[in-house]
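First comes the structure, then the notes that go with it.
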Amino acid sequence: MTAPLEQPSASAGTEGVDALAALLRGRRLVVLTGAGCSTESGIPDYRGPGTLARARNPIQHREFLTRPEVRTRYWARSMLGWPRFSSARPNAAHQALAALERDGPVLGLITQNVDRLHHAAGSQRVIELHGALARVRCLGCEAIESRAELQERLLALNPGFAERTAELRPDGDAELPVEAVRTFQVADCTRCGGTLKPDVVFFGDNVPPPTVEAAFALLEEGDALLVVGSSLAVYSGFRFLQRAAERHLPIGLVNIGECRGGELVDVRVEARAGEVLPRLVAALATG
């Protein structure tokens, strides 16, 4: 059952929401979402306001593949971060987008997020550009394991380790001193004993071509693009803004802070997604 929409606060601003509704009304919408859509669910981002003070470099794809100590550090941090990450729940922004898909205006979502909160909110057509942390893939035999099952194996291999306290990080892991992971035991694939990797696109890796093709195909069906909670700093998302501009589609943006390609946007609302999107649902419903 889909949770009821939360009531937005007045700080979202009526004028900006009205302009956004006027731009999108009567059009078939494709939505591109980024980390700013999930910050109100307690999942931190890399580029939002205040992140520079607490930023550290994200996991790099090549380093994860080639350096065992990097994999050990990742899984140690992930074991601590997973309980909080997996317990996050959809916020008003996720709920509003699910409502817009259910009621007709939204054709589907292209998301840069790996938290599956759009699914939890009830969205049906979701293209995950960067994969999902809920899955783990073996780099040897390609076997898939749920992250929840792997968590149980990691806990069994590392008794007492979960009692540590750590700060949650954007990629679902946690901050942890290097010396704390030296004795950590990494779990292997239960089928072949191979190396496990979260089924996500790390920095420095490429989005699988079939995923990109599916996202572009969805965009081709739409009459307008709505970007929510993304600075578009990463090309994996920015290319859809470029394609929308090439097609002369109306483009709306809901985000806080600087945004790449802002000159291509027709209407921008600088406010929290959880404040703006429920108002947008109401505005589009009243016509």
Side-chain angles (χ1 to χ4, degrees), residues 12-13 16-38 45 47-48 92-113 117-119 121 123-130 207 210-285 287:
V17 176
D18 287 346
L20 187 62
L23 179 75
L24 303 177
R25 186 173 288 113
R27 301 182 186 276
R28 295 173 299 173
L29 311 181
V30 175
V31 182
L32 172 65
T33 67
C37 195
S38 294
D45 60 359
R47 297 179 178 86
H94 299 107
Q95 295 165 5
L97 290 173
L100 287 173
E101 183 185 17
R102 185 174 62 248
D103 297 340
V106 167
L107 298 176
L109 308 177
I110 303 167
T111 186
Q112 297 171 284
N113 299 338
L117 292 180
H118 287 304
H119 296 81
S123 292
Q124 298 296 311
R125 191 176 182 184
V126 182
I127 297 174
E128 297 171 311
L129 287 179
H130 298 156
V207 178
T211 303
V212 176
E213 292 167 7
F216 274 125
L218 172 58
L219 185 59
E220 291 299 314
E221 296 179 32
D223 300 324
L225 174 67
L226 174 61
V227 181
V228 177
S230 178
S231 66
L232 298 172
V234 179
Y235 181 69
S236 64
F238 180 67
R239 57 183 145 194
F240 300 107
L241 181 74
Q242 289 180 308
R243 177 65 65 87
E246 290 169 359
R247 292 187 55 211
H248 303 289
L249 299 183
I251 300 172
L253 171 70
V254 179
N255 193 51
I256 298 177
E258 296 183 3
C259 178
R260 181 183 182 187
E263 70 279 0
L264 303 176
V265 174
D266 295 291
V267 174
R268 174 175 180 169
V269 181
E270 187 157 353
R272 293 188 300 129
E275 294 179 340
V276 174
L277 294 185
R279 289 182 177 274
L280 181 63
V281 171
L284 292 177

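The structure presented is a predicted model; accordingly, all values stated were derived computationally and were not measured. Side chains are part of it too, since the values below use all heavy atoms of this structure and drop only hydrogens, waters and symmetry mates.
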Using residues 234-241 as the side-chain source, report each donor-acceptor pair under 3.5 Å to any protein atom, sequence neighbours left out, with the distance given to one decimal.
{"unit_1": "Ser236", "atom_1": "OG", "unit_2": "His130", "atom_2": "NE2", "d": "2.8"}
{"unit_1": "Arg239", "atom_1": "NE", "unit_2": "Ser236", "atom_2": "O", "d": "3.2"}

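Each of Arg28, Arg247, Arg27 was evaluated against Asp223; a single residue qualifies, Arg28, per the salt bridge (charged side-chain N to carboxylate O under 4.0 Å, His left out) test. For the side-chain contact (heavy atoms from CB on, under 4.5 Å) with Val228, the lone residue among Val276, Val269, Thr33, Leu32 that qualifies is Thr33.
Of all the heavy atoms in Cys259 and Ser230, the pair that sits closest is SG-O, 3.9 Å. Nearest approach of Gly274 to Ala92, heavy atoms of both residues: O-CB, 3.6 Å. Contact detail for Leu264 and Ile251: the closest heavy-atom pair is O-CD1, 3.5 Å. Taking each heavy atom of Leu225 and Ala244 in turn, the nearest pair found is CD2-CB, 3.8 Å. Between Leu24 and Ala224 the shortest heavy-atom distance is CD2-CB, 3.9 Å. For Leu232 against Arg260, the heavy-atom pair with the smallest separation is O-CD, 3.0 Å.
For Glu258, the CD atom is loosely surrounded, since the number of other residues' heavy atoms within 6.0 Å does not exceed 12.
Interatomic distance, CG of Leu109 versus CG of Leu226, reported as 9.5 Å (0.5 Å rounding). With values rounded to the nearest 0.5 angstrom, His119 atom NE2 is found 8.5 Å from Gln124 atom CD. Rounding to the nearest 0.5 Å places OG1 of Thr111 at 10.5 Å from CD1 of Ile127. To the nearest 0.5 angstrom, Asp18 atom CG is 12.5 Å from Leu23 atom CG. In this structure, CG on Leu97 lies 5.0 Å from CG on Leu277, to the nearest 0.5 angstrom. Here CD of Gln95 is found 10.5 Å from CG of Leu117. Values are rounded to the nearest 0.5 Å.
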Between Arg243 and Glu220, is a side chain to side chain contact (heavy atoms under 4.5 Å, CB included) present by the stated rule, with each step listed?
CA-CA 9 Å; Arg243 177 65 65 87; Glu220 291 299 314; 3.3 Å; yes
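With sequence neighbours excluded, the residues satisfying salt bridge (charged side-chain N to carboxylate O under 4.0 Å, His left out) with Arg268 are Glu270.
In this structure, Arg125 contributes its side chain and Val106 its backbone to no donor-acceptor pair below 3.5 Å.
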